[in-house]
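In what follows, a single structure is set out as structure tokens and then discussed.
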Amino acid sequence: MEWWYHLPLIVSCVWVFVLGLGVGSFLNVLIVRLPFEKSIIWPGSRCGHCLRPIRLLDNLPIIGYLRLRGRCRFCQATFSSRYLWVELGTGLAFLALFGIEIVTQGYGGALGLTPWQDVPGLRNGSGALGAFPPVSAWIYFFYHATLLSLLIASAVIDAEHRIIPLPITYTGTLIGLIGSTLLPWPWPSDPSVLQAIPAGFPWTLPEAGASIPTGATLWPFAGPPPDWAPAGSWKLGLLNGLIGAAAGMFVGRSIKFLFEVGLGRPALGLGDADLLMMAGAFLGWQPAVLALPVGSLVTLPIILPLMAWAKLRGRGSGNELPFGPGIAAGVVVVWLGWPLFGELTRILFDPVMVGLIAFIMGGGMLVAGLIIGKPSEPTSPSERKPQQEAASSA
Ligand SMILES: [Zn+2]
């Protein structure tokens with residue numbers, strides 16, 4: 001096999017990475033301006049210190065930052081390294097998403113790797129190996145890359161400011177509803193693949209699992225879609241998006257309520273519920289319901305030591321949990337992992353199991369609120385100082 005055989009793949013990957021850098025540059029604008037409710041269009045990029053506009057070439061992702069070593073060309077004020085990391089991170093995230101969803105599909109097939117040429121809905125018309133991904137594969141990628149970009153911006157802003165701006169989540173929910181309507185499940189797979197499941201066969205049984213395809217949105221229901229909204233119809237797509245958004249709103253607000261009852265004071269912003277609503281509009285109800293518990297499992301081992309460290313150094317009260325990054329990570333894990341969870345995901349079609357999970361989640365948030373809400377040591381800085389001095393002199 002000659003190297004040029006892979007040329008379309010290499011060109012596609014480079015293009016996706018560069019696109020991610022450019023999008024990351026735009027996300028930086030959102031991250032800097034949205035928390036202060038500034039316009040994201042006007043004025044153009046400028047130095048936050050001397051307010052002089054940034055030249056076009058200096059504004060290039062990564063290159064502009066590295067060439068000037070992160071400083072303003074005119075007044076030498078340093079720019080936050082976050083600009084660099086958000087650009088690079090978005091570029092790498094786009095590349096990873098393209099690799100998982102389009103190049104390998106990651107699931108099924110020999111060795112668990114099925115290139116796009118072998119995935120029914122994403123297959124090239126010519127079927128030729130070494131060809132560029134077809135248009136359907138690009139649409140599939142752009143839809144998910146849009147969600148990924150909104151999640152990155154929300155996570156970074158929440159980590160810095162403990163807020164998730166409405167323009168991101170509300171615009172995102174609208175884009176998600178339009179997308180899930182235009183790309184109804186099981187797109188890009190053909191709805192006829194569902195005929196492999198006999199009529200009246202419960203989807204909760206393992207035998208059905210192999211025949212239920214994952215589309216750009218996840219499996220919508222615990223059974224065949226209703227007659228008035230058949231698989232692949234815009235009605236099913238819109239219904240799926242609306243149920244997802246409603247599920248996110250409901251779960252987010254319930255968790256906020258229970259956590260704050262336990263804690264005894266307001267803690268979670270409604271931005272977290274809005275973030276779940278946006279993910280539900282894009283993908284369906286599954287990530288909206290599962291993102292917080294899954295995200296907690298993924299991020300708490302990282303966040304808790306960081307919080308403990310901050311507490312040791314006397315920074316912050318250590319009681320403020322940024323839920324945004326955790327929810328964003330949970331959405332990504334549920335969405336990309338959905339086809340891999342396979343058998344496990346089927347329990348979500350069982351009302352008893354869903355009730356049990358809801359009970360555990362709700363109770364868990366209540367208990368978590370109670371534990372965090374009763375600090376065993378004084379938390380205000382003035383009370384802590386004498387302790388620290390005692391510790392350092394000892
Ligand atoms: Zn300047």
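Small disclaimer: the values here were computed from a predicted structure and weren't measured. Order of appearance sets the numbers: ligands from 1, and atoms from 1 within every ligand.
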* Provide the tally of protein N/O/S atoms nearer than 2.8 Å to the Zn ion (ligand 1). => 4
* Asked: Are F79 and R71 side-chain neighbours, meaning at least one heavy-atom pair lies under 4.5 Å?
  -> no
* Structure fact -> What one should report as the nearest heavy-atom pair of L27 and V86 is CB-CG1, 4.2 Å
* Kindly write out the residues that satisfy salt bridge (Lys or Arg N to Asp or Glu O under 4.0 Å) with R253, not counting sequence neighbours, or none if the list is empty. => none
* To do: Enter the distance from L182:CG to W187:CH2 here, rounded to the nearest 0.5 Å.
  => 10.0 Å
* Asked: Is any side-chain heavy atom of P191 closer than 4.5 Å to a side-chain heavy atom of P230?
  -> no
* If every non-hydrogen atom of W228 is compared with every non-hydrogen atom of K235, which pair is closest and at what distance? -> O-CD, 3.3 Å
